[in-house]
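In each ligand, atom 1 is the first atom listed, and ligand 1 is the first ligand listed.
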Amino acid sequence: MKHILLAAVVAVAASGVSAVGPLYLDPKQPVERRVDDLMERMTLDEKIGQMCQYVGLAHMREAEKNATAEELAAGHARAFYKGLSSYDVEAMTARGEIGSFLHVLTATEADHLQKLAAESRLKIPVLIGIDAIHGNGLVRGSTIYPSPIGLASTFDPALVEQSARQTAVEMRATGSHWAFAPNIEIARDARWGRVGECFGEDPCLVSAMGVATVRGLQDAGALACVKHLVAGGVPNNGTNAAPVEMGEGELRNAFLPPFKAAVEQAQPWSMMPAHNELNGVPCHSSSWLMEYVMRREYGFAGISVSDWMDMEAIASKHRVAANTKEAFLLSVLAGVDVHMHGPEFAQDMKELIEEGRLPASRVDEACRKILEAKFRLGLFENRYTDPAAAKQTVFSAGHRNTALELARRSIVLLKNDGILPLDKTKYKKILVTGPNADCQATMGDWVFDQPRENYTTILDGIRAQGAAVEFADVGWNLRTISDQAVRAAVAKARACDLTIVVVGEDSFREHWTEKTCGENRDRWDITLWGRQQELVEAIHATGKPVVVVLVTGRPLAVKWIADNVPALVQAWEPGSTGGQAVGEVLFGAVNPSGKLPMTLPAHVGQTPIYYNYKPTQYFRTWIDGTRDPLYPFGHGLSYTSFAYSDLKVEGQLPYTVTVQVANTGTRAGEEVVQLYLRDDVSTFTRPVKELKGFLRVALAPGEKKSVTFTLAAADFSYYGPDGKLRLEPGAFTVMAGGSSRDAALIKTAINYGD
Ligand code: GLC
């Protein structure tokens, strides 16, 4: 009997049919076996289908609604597909011809697509991707955390990881599984619209934030996507997707480390190549980047998803392929596994295989990774959303509290002559004005309109502090501030004791035609847009005190304001609870502790500008301008003060570095202690300093703490122009302080290799 049973089990296993039906549908089977079994059952068309991504139906129906018959037949206007209606896409999904979607903005649509996929022959669920950059912002009702540049300002990776976990929970609750995040590009140029969705200019900080975000997303059941590979943050003229020319040494020293750290420490499930070319090769067809560096050198084992129509751009924009079909061939052979987005790709892939120019094994390789992701996400067993669970998690109190704590820590006090925190007994009547005072500009990019009860504006936050507040409404559209509005604000300022002016940029995606910052909103100037500066100066001219709050996704060259206004607060884009946090900081309920993750230029002529520059960067300077930034990387004031002493380096590799930090002021505060290192003499040029560690420490008045870092061999090594890693003995300078500014740092010497 036992033999018969054993034989039966063997037969079942061989046939790929288990007691519960096909083996791949048996959750008790190992994922590898489920993938093998499913792959054996799939046709070539079905495998190619897994590589195809389409935009969501509502996205299409919006376009269909407004498009003329000619437009419908014409092209990809707003993601509309030539000759395909949303109904055709539904039918394709039910035939298993589509492996994933992006920008499906409701749980209802997500479930509908999964139901269609369940009708297909093999019932393979679809993956749904979305740009959940700082919360699941494209979905109404989500928790919106500070923009990544604000998250980076917290220098608090653990709290950022928590927000990523919560974002994944809200994504899954509303039917998405794949976050096209984090953006771990190194941002050095404030003209580029997307700096707000990055973690700043420093490889150490960006790496820490990228690892935290990948871990958070993936620990809570979403796929992360490290992007964009690589160097889109330094386009040669500041515009999105412009070319990048860069030596391998600089690439490996400054731009690739966040990708290396993410793969080695957090194993992201996916990556996305950049729009731009790198040294003559479009990133979307760079096997050096995707295959050699990411897969072979770093060990990346996930999915490479193209950016929006960027495979096509290899032909249409970069002109290194004669047509789209050739472009698809180059890109898939270089490593892209998923096409974002739409038709044409599948047919061309089929032809390329039939012509023997694309090995079917390449399709198998891509398809396997996509299926593995779906099995590991549990989508075969649990493909639908749970509305009851969604009610418990989306925009929950816990998520809001995390968003609030991040907003509080993200706010950077740039300047304060003592007027802050505001004394309500002294300033009895306070005017609030400015285009960003009472609108969703605080939400940042990759956020659509949120319910009014789900966010506090800065005006809300100031009012909540109990001050007597007047509001001079100049409208939220910072492009169209009227004469009348300026005059009315000035008149009210005269009648008040102090004015808070909230200005900056508008990245809010709902303000599609008005926005001045965010994706594809690159500027050749980085002063305040329109009449904002005039508004600030006119109010300043009344002689009453003025406090300026900047709500912006990019650094702004607000030199006049920094020189003339007693207090300047960088709020970045603080999210759903940002208004509350700004009010708490202005009135002292919260002691500001944010630090700049990106240098603030004094003038656009300084860009690109960054703290870890090479020794001859400012050997000369402009005859009509200063080399000094407005505020340097790592800068941020507090309502207390901190002193550094006893910087010591002890032991052997890894060295132990200790520094004493004391709160020398009268109130509790948090300080971000920063550790920098300089290679004093090297074979190839090295930056004047590089951040090698940071730690946020809380100190009571008068309290002193010893902060410890370690310096390992990797911290002393660097890549030469030949791309080879070098570790050279010799003199190094170790620095510690609360900013990258030299005057803020205490130093000590170390002889590596002694
Ligand atoms: C955009 C962005 C990319 C995003 C994608 C999908 O072009 O470059 O970061 O994930 O489209 O929205």
Side-chain angles (χ1 to χ4, degrees), residues 52-56 58-60 62-63 76-80 100-105 127-139 147-149 167 171 176-187 192-199 210 213-214 217 222-235 239-242 244 258-259 262 268-278 282-284 302-314 316-318 331 336-342 444-448 507 509-510 512 515 517-522 553:
C52 299
Q53 186 171 101
Y54 282 65
V55 292
H59 199 89
M60 292 184 70
E62 183 61 25
H76 287 287
R78 281 163 35 87
F80 189 80
S100 61
F101 284 87
L102 80 154
H103 296 181
V104 173
L105 307 187
L127 269 178
I128 297 179
I130 196 162
D131 287 277
I133 308 296
H134 51 111
N136 197 20
L138 299 181
V139 172
S147 291
I149 198 163
T167 299
M171 283 172 58
S176 293
H177 323 96
W178 188 4
F180 298 137
N183 185 334
I184 53 175
E185 297 189 80
I186 298 294
W192 187 50
R194 301 186 74 166
V195 290
E197 67 173 88
C198 299
F199 295 115
T213 306
V214 172
L217 286 168
L223 306 183
C225 180
V226 287
K227 71 184 188 180
H228 305 84
L229 187 69
V230 71
V234 284
T239 66
N240 200 23
V244 175
F259 291 89
W269 257 101
S270 64
M271 66 173 167
M272 186 184 290
H275 295 310
N276 51 279
E277 66 158 88
L278 174 67
C283 292
H284 274 73
I303 299 162
S304 172
V305 57
S306 87
D307 201 337
W308 188 279
M309 310 309 281
D310 271 312
M311 294 172 91
E312 291 79 352
I314 293 168
S316 64
K317 292 182 181 152
H318 296 287
S331 194
V336 172
D337 301 304
V338 174
H339 168 248
M340 181 195 290
H341 56 97
D445 199 359
W446 299 105
V447 179
F448 284 142
S507 304
R509 196 153 275 242
E510 198 75 25
W512 188 250
K515 61 188 290 200
C517 192
E519 186 189 22
N520 296 329
R521 297 297 184 277
D522 312 311

Sorted by chain and number, the residues that approach ligand 1 to under 4.0 Å with a heavy atom: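 Contacts of ligand 1 under 4.0 Å: Leu102, His103, Asp131, Phe180, Arg194, Lys227, His228, Met272, His275, Asp307, Trp308, Met340, Trp446, Glu519.
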
Residue list, side-chain contact (heavy atoms from CB on, under 4.5 Å) with Thr167, at least two apart or on another chain: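 Ala132, Tyr145, Met171, Leu217.
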
Parallel, tilted or perpendicular for His59 and His103, by the 30°/60° rule?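 Answer is tilted, since the angle falls between 30° and 60°.
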
Non-neighbouring partners of Phe199 that pass ring-ring contact (aromatic ring centres under 6.0 Å, His included), sequence neighbours left out: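 By the ring-ring contact (aromatic ring centres under 6.0 Å, His included) rule, Phe199 matches no residue at all.
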
Those residues that, when tested against Trp178, pass ring-ring contact (aromatic ring centres under 6.0 Å, His included) (two or more places apart):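 Testing Trp178 for ring-ring contact (aromatic ring centres under 6.0 Å, His included), a comparison that skips the adjacent residues, returns Phe180.
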
Pair Glu312, His339 - check side-chain hydrogen bond (donor to acceptor under 3.5 Å, both in side chains), show working. CA-CA 10 Å; Glu312 291 79 352; His339 168 248; 2.6 Å; yes

Out of Lys515, His134, Arg194, which residue meets the side chain to side chain donor-acceptor pair (under 3.5 Å) rule with Asp445?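 Looking at Lys515, His134, Arg194, the match for Asp445 under the side chain to side chain donor-acceptor pair (under 3.5 Å) is Lys515.
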
